[in-house]
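Written below as structure tokens is the structure these notes are about.
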Amino acid sequence: MKMNLGTWKSRFKSSNNLVGLFLITLFVVAFYQTLNDYHKTQKEQQYIYTTNNEERKSHKKHRIANSDHQSCNLFSGKWVFDNASSYPLYEERKCSFMMNVYACQKYGRKDSKYQNWRWQPNHCDLPRFNGAELLEKIRGKKLVFVGDSLNENQWVSMLCMVESSLNQSLHKSVIRNGNLFIFHATEYNATIGFYWSPLLVESNADDPENHRVKDRIIRINSIEKHARHWIDADILVFDSFIWWLDSTMTILYGSFGSSDAIYKRVEMKLRRYEMALNTWSNWLEIKLQSNQNEVVLHELLAFLLLWRKMERASELLQRK
């Protein structure tokens with residue numbers, strides 16, 4: 001696991017306004033970066049792309065090079081519109097895994113050009129997503145998305161992209177076990193799953209269907225109830241946007257239904273999220289083997305910064 005748990009605050013990944021498309025692209029960037037490192041052992045782990053002109057023209061090989069080539073900052077670049085015939089990466093109506101809640105076009109979205117935007121690093125090229133190659137890279141392994149509806153959306157999108165680039169014989173069923181939803185590609189012995197844990201730690205919003213509760217109560221120090229279901233994953237992708245939706249939440253010290261439990265209303269969004277991430281990072285440090293797991297945490301920080309500015313402006317207006 002290549003994240004420095006003592007400095008997790010600096011490891012957040014940001015996104016932009018086109019949440020669905022942008023987040024899955026950022027995840028693919030981070031995924032290719034971490035997965036390449038996963039196959040290295042005790043050597044220095046650095047993700048490098050080649051700038052060889054012949055490979056740049058062919059777009060058939062990943063720009064993964066040896067240490068004598070120029071390293072590339074994958075997160076320094078821009079969004080470009082690509083109207084190549086290879087886009088979009090999948091068609092919503094043809095995806096067997098699409099859920100109604102994410103089916104924008106089915107329920108009336110007219111524009112489709114948002115599907116043609118891709119991330120272009122400044123000094124290298126990202127490989128085009130290839131479902132067969134992804135499954136080959138995770139052969140014999142388990143990739144699990146953990147979080148709220150944003151990560152569920154990313155999980156669905158990844159399955160749709162995998163399906164679109166493979167033959168029609170792909171097994172297309174998802175098995176549910178409580179909060180865990182599993183797709184298993186038998187031919188590759190590869191698993192891509194999603195676990196519903198909207199606040200990462202235990203809460204009264206943990207039911208995948210009935211999670212829209214008016215007053216969210218969070219056991220800020222309890223994560224084992226969820227974590228035991230994804231401790232065996234080789235690659236974990238976390239998110240938790242729901243922390244920022246409520247102005248106040250109730251923090252629970254103790255157990256649900258316990259007579260000696262302590263409930264405390266908390267308004268500070270950043271502080272309560274920090275407390276949950278401390279519980280989360282402590283679990284990672286204790287339970288996961290540092291060289292055997294890959295962890296990605298992504299958040300909508302660009303959106304959150306704008307949100308905070310709007311909140312401050314609203315407060316100022318109320319004071320006048």
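Heavy atoms only: backbone and side chains are in, while hydrogens, waters and symmetry mates are out.
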| task | Say whether Y90 and Q115, considering side chains only, have a donor N or O and an acceptor N or O under 3.5 Å apart. | result | no

| task | Output, in order, the C-alpha distance, side-chain angles, deciding distance and verdict of salt bridge (charged side-chain N to carboxylate O under 4.0 Å, His left out) for D215 and R265. | result | CA-CA 10 Å; D215 179 20; R265 294 291 290 174; 2.5 Å; yes

| Take atom CZ in R212; do more than 12 heavy atoms of anything else shown fall under 6.0 Å from it? | no

| Note, P198 side chain near D206 side chain (heavy atom, < 4.5 Å) | yes

| task | In sequence, state the C-alpha distance, the side-chain angles, and the governing distance for W196 and H211, and then conclude on ring pair (Phe, Tyr, Trp, His ring centres under 6.0 Å). | result | CA-CA 10 Å; W196 175 264; H211 53 83; 4.5 Å; yes

| note | Test side-chain contact (heavy atoms from CB on, under 4.5 Å), reference R139, set K137, K141, E136, output is E136

| query | Closest heavy-atom contact between F97 and V156? | reply | O-CG1, 3.7 Å

| message | When you compare the side chain of M99 with that of W155, does any pair of heavy atoms fall below 4.5 Å? | response | yes

| said: Is there a side-chain contact between L89 and R128 in this structure, where contact means two heavy atoms from C-beta onward sitting under 4.5 Å apart? | reply: yes

| note | In terms of heavy-atom contacts, L74 and C124 come closest through CD2-SG, 3.9 Å

| note | Partner of W230 under ring-ring contact (aromatic ring centres under 6.0 Å, His included), picked from F181, F238, W280, is F238

| Side chains of E294 and L143: does their closest heavy-atom pair fall under 4.5 Å? | no

| task | Let me see the working for K142 and D234 under salt bridge (charged side-chain N to carboxylate O under 4.0 Å, His left out), right down to the final yes or no. | result | CA-CA 5 Å; K142 187 175 184 179; D234 300 283; over 6 Å; no

| task | Look up atom CD1 in I223 and atom CG in L200, then write down how far apart they are to the nearest 0.5 Å. | result | 6.0 Å

| query | Would you call E209 and R176 a salt bridge, taking side-chain N to carboxylate O under 4.0 Å as the test? | reply | yes

| query | Taking atom types as modelled, is there a side-chain donor on Q120 or D125 under 3.5 Å from an acceptor on the other? | reply | yes

| said: Can you see whether N151 engages H298 through a side-chain donor-acceptor pair at a distance of less than 3.5 angstrom? | reply: yes

| request: Please round to the nearest 0.5 Å and tell me the distance separating atom CD of E274 and atom OG1 of T279. | output: 11.0 Å

| said: Tell me whether R118 forms a cation-pi arrangement with F81, defined as NZ or CZ under 6.0 Å from the six-membered ring centre and within 45 degrees of its axis. | reply: no

| message | Using modelled atom types and a 3.5 Å cut-off, is there a donor and acceptor pairing between side-chain atoms of R272 and backbone atoms of W243? | response | yes

